[in-house]
Amino acid sequence: PADSPSPQEHGLDFQRLLDASAYKEMFRQDMIRWGEEKRCTDPGFFCRAAVEGALHPVWVVSDTRRLSDVEWFRDVYGDVVQTVRVVATEETRKRRNWVFVTGVDDAESECGLDQGVAFDWVITNDGDKAALGEQLEMLLQSLHRRL
C-alpha cells in the first residue's frame with residue numbers, strides 16, 4: 001500500500017532505491033506520492049527525521065526539494081541556516097545521462113525550489129573541477145567564520 005512507512009514494508013530493496021538505477025525509477029512516482037501524502041499531513045515530517053539525533057555543530061542536509069523544507073529549517077534554526085543550490089546546465093545534465101521524464105521531472109519533488117527561495121549560495125557544477133573547488137572553498141571558509 002502507498003501509505004506504508006518504509007520501503008521494507010513494500011518488499012523493496014532500500015539500497016537500490018538510493019542509486020540512479022532503473023529499479024528506482026520503477027517506484028519513483030509511488031515514492032513521490034507517498035512523500036506528498038506525508039507532507040500534506042505534517043510538513044515537518046521529513047525535516048525532523050533528518051535532524052533527529054544530530055549532535056554536530058554543522059550539518060549538511062542534502063537534497064531538500066520543497067519550499068516548506070527550507071521554511072521549516074529557517075523557522076526552527078533561524079539565521080544559522082545557509083542554503084546552497086547546486087546547478088548544472090541541461091547540456092551537462094544530459095551528458096551525465098539525465099533524461100527528462102514528464103510527470104516526474106516537472107513535479108514539485110524535482111522543481112519545487114526553482115522559484116521562491118533566495119539561496120545564500122549558488123554553486124555551478126558543469127564539470128570544471130577547478131571552478132567547483134574554488135566555489136566550495138569559499139563556502140567552507142564562510143562556514144568556518146560562522147563557527
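As a basis for the values below, the full set of heavy atoms in this structure was taken, side chains included, without hydrogen atoms, waters or symmetry mates. Note that the structure is predicted; figures quoted are calculated from it, not measured.
Taken from CZ in R145 to CG in L140, the straight-line distance is 10.5 Å, to the nearest 0.5 Å. From L139, atom CG reaches atom NE2 of H144 across 9.5 Å, with rounding to the nearest 0.5 Å. We find the CZ-CD distance between R66 and E110 to be 8.5 Å, quoted to the nearest 0.5 Å. With values rounded to the nearest 0.5 angstrom, F119 atom CZ is found 12.5 Å from Q82 atom CD.
Under a hydrophobic-cluster definition in which Ile, Leu, Val, Met, Phe, Trp and Tyr are linked whenever side-chain heavy atoms come within less than 4.5 Å, directly or via other members, V70 and V86 are assigned to different clusters. A continuous path of ILVMFWY side-chain contacts below 4.5 Å connects V80 to V51, so both sit in one hydrophobic cluster. Cluster membership for V87 and L132, using ILVMFWY side-chain heavy atoms within less than 4.5 angstrom, is not shared. Linking Ile, Leu, Val, Met, Phe, Trp and Tyr whenever their side-chain heavy atoms come within less than 4.5 Å leaves L143 and W59 in two separate clusters. In terms of hydrophobic clustering, with Ile, Leu, Val, Met, Phe, Trp and Tyr side chains grouped at heavy-atom distances under 4.5 Å, M138 and L136 are assigned to a common cluster.
With R85 as the fixed residue, the side chain to side chain contact (heavy atoms under 4.5 Å, CB included) test singles out one of D120, I123, D114: D114.
Between T92 and D126 the shortest heavy-atom distance is OG1-OD1, 2.8 Å. Here the shortest heavy-atom pairing between R96 and A88 reads NH1-CB, 3.8 Å. Across every non-hydrogen atom of Q135 and V122, the tightest pair is OE1-O, 3.8 Å. D106 approaches C111 most closely through the heavy-atom pair O-SG, 3.5 Å. A pairwise comparison of heavy atoms in V117 and R74 identifies CG1-NH2, 4.4 Å as the closest pair.
Contact check on R33 versus E37 returns no salt bridge, with no Lys/Arg side-chain nitrogen under 4.0 Å from an Asp/Glu carboxylate oxygen. Taking a cutoff of 4.0 Å between a charged side-chain nitrogen and a carboxylate oxygen, D42 and R48 qualify as a salt bridge.
Looking at heavy atoms from C-beta onward, W98 lies in side-chain contact with E90 at the 4.5 angstrom threshold. Side-chain contact between R39 and F46 is present, with at least one heavy-atom pair separated by less than 4.5 Å.
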Evaluate R65 against E108 for salt bridge (charged side-chain N to carboxylate O under 4.0 Å, His left out), listing each step before the verdict.
CA-CA 7 Å; R65 294 177 175 240; E108 184 183 10; over 6 Å; no
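Below 30°, between 30° and 60°, or above 60°: for F73 and Y77 the angle between ring planes is below 30°, a parallel geometry.
In the displayed structure, Q141 atom CD is contacted under 6.0 Å by more than 12 heavy atoms of other residues, nucleotides or ligands.
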